[in-house]
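The structure appears right after this line, and notes come after that.
Just so you know, residue 1 is the first one in the sequence shown, and it goes up from there.
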Amino acid sequence: VDTYAINSGRVIARFDVSWGFNTAVYDPAQDEEFRFSMLTFDPRSTFVTAEITFQRTSANEVTLFGNAVGPGAVDTPDTVFGSNGNLLTMLDVNFDLDTMELFYSDDNGVSFTSAGSGAIDPTRGIESLRVVFNEDFSGDSLLVERVALSQARVVPLPAAVWLFASGLIGLI
């Protein structure tokens with residue numbers, strides 16, 4: 001999905017997923033993963049700015065991490081879950097600081113845990129979104145309940161507006 005260009009401020013990506021993998025069927029040669037990607041364009045291709053990535057790393061484990069690509073980019077640390085799970089994940093991308101932080105909730109958003117921080121390529125922004133399913137999920141269950149992107153806006157506090165208005169009246 002194409003979006004308007006975002007390259008400043010903060011963006012929160014939300015990826016709400018449930019999975020259940022058949023532990024009797026696992027092929028380490030296959031790169032089983034599902035992810036929510038935020039991309040920037042280049043005349044030659046599209047490039048990942050930041051993404052929420054789930055990778056099946058064994059018959060009994062799924063790894064969650066925030067992925068970033070490009071010069072200076074650093075992924076978040078890995079967090080390991082079992083072959084079954086239900087998580088609400090959020091990736092907070094701060095273009096002004098060139099950072100990202102991954103959060104997850106296993107209690108439907110009542111509380112969140114930080115999975116750690118990483119860095120994004122300072123030359124990239126967001127111009128499109130992509131949900132990716134890689135490899136064959138036959139015999140497994142995978143449900144993407146929600147995918148969302150929200151750009152944080154700076155909203156003046158009422159006290160700041162009142163102070164500004166008072167100063168303006170004083171000048172007049």
Give the ring-plane orientation class for Trp19 versus Phe54, where under 30° counts as parallel, over 60° as perpendicular and anything between as tilted.
tilted
Under 3.5 Å, is there a donor-acceptor pair between the Ser58 and Asn60 side chains?
no
Show, in sequence, the C-alpha distance, side-chain angles and deciding distance for Glu101 and Ser114, and conclude whether the side chain to side chain donor-acceptor pair (under 3.5 Å) test is met.
CA-CA 7 Å; Glu101 185 170 6; Ser114 174; 2.6 Å; yes
So do Glu32 and Asp140 actually touch side chain to side chain, heavy atoms under 4.5 Å?
yes
Roughly how far, to the nearest 0.5 Å, is the CG atom of Asn108 from the CG atom of Leu87?
11.0 Å
Is it the case that over 12 heavy atoms from other parts of the model lie below 6.0 angstrom from the CG atom of Asp96?
yes
Consider only side-chain heavy atoms of I, L, V, M, F, W and Y, link residues closer than 4.5 Å, and tell whether Leu102 and Val110 are in one cluster.
no
Using modelled atom types and a 3.5 Å cut-off, is there a donor and acceptor pairing between side-chain atoms of Glu127 and backbone atoms of Phe41?
yes
Flag, side chain of Thr23 to backbone of Ala59, donor-acceptor distance under 3.5 Å:
no
Is there a chain of hydrophobic side chains (I, L, V, M, F, W, Y, each step under 4.5 Å between heavy atoms) that links Phe65 to Val17?
no
Let's go through Asp16 and Asn86 carefully: what are the C-alpha distance in whole Å and the side-chain angles of both, what is the deciding distance for side-chain contact (heavy atoms from CB on, under 4.5 Å) to 0.1 Å, and is it a yes or a no?
CA-CA 8 Å; Asp16 194 356; Asn86 179 16; 4.2 Å; yes
Is the shortest side-chain heavy-atom distance between Arg14 and Ser150 below 4.5 Å?
no
Is there a path from Leu142 to Leu64 through hydrophobic residues (I, L, V, M, F, W, Y) whose side chains come within less than 4.5 Å of each other?
yes
Where the side chain of Arg124 meets the backbone of Val69, is there a donor-acceptor pair that is under 3.5 Å apart?
yes
Just by modelled atom types, is the Gly125 backbone N or O under 3.5 Å from a matching donor or acceptor in the Thr49 side chain?
yes
Please examine the side chains of Ser117 and Thr99, heavy atoms only from C-beta on, and report whether any two atoms are closer than 4.5 Å.
no
Any side-chain heavy-atom pair of Tyr104 and Ile52 under 4.5 Å
no
Side chains of Leu39 and Val48: does their closest heavy-atom pair fall under 4.5 Å?
yes
Linking I/L/V/M/F/W/Y whenever their side-chain heavy atoms sit closer than 4.5 Å, directly or via other members, would Val131 and Leu129 fall into one cluster?
yes
Could you state the interatomic distance from CG (Leu88) to CZ (Arg146), rounded to the nearest 0.5 Å?
7.0 Å
Any side-chain heavy atom of Leu149 sitting closer than 4.5 Å to one from Met38?
yes
side-chain contact (heavy atoms from CB on, under 4.5 Å) between Phe36 and Val144, intermediate numbers included
CA-CA 10 Å; Phe36 178 37; Val144 175; over 6 Å; no
Identify whether Ile6 and Ile120 are in the same connected component of the hydrophobic contact network (ILVMFWY, side-chain heavy atoms under 4.5 Å).
yes
Judged by modelled atom types alone, do Glu33 and Thr53 share a side-chain donor-acceptor pair under 3.5 Å?
no
Would you call Phe81 and Asp106 a side-chain contact if the rule is heavy atoms closer than 4.5 Å?
no
Is there a side-chain contact between Phe34 and Phe15, using heavy atoms and a 4.5 Å cut-off?
yes
For Ile12 and Phe103: C-alpha separation, side-chain torsions, deciding distance, then whether side-chain contact (heavy atoms from CB on, under 4.5 Å) applies.
CA-CA 10 Å; Ile12 307 289; Phe103 297 91; over 6 Å; no
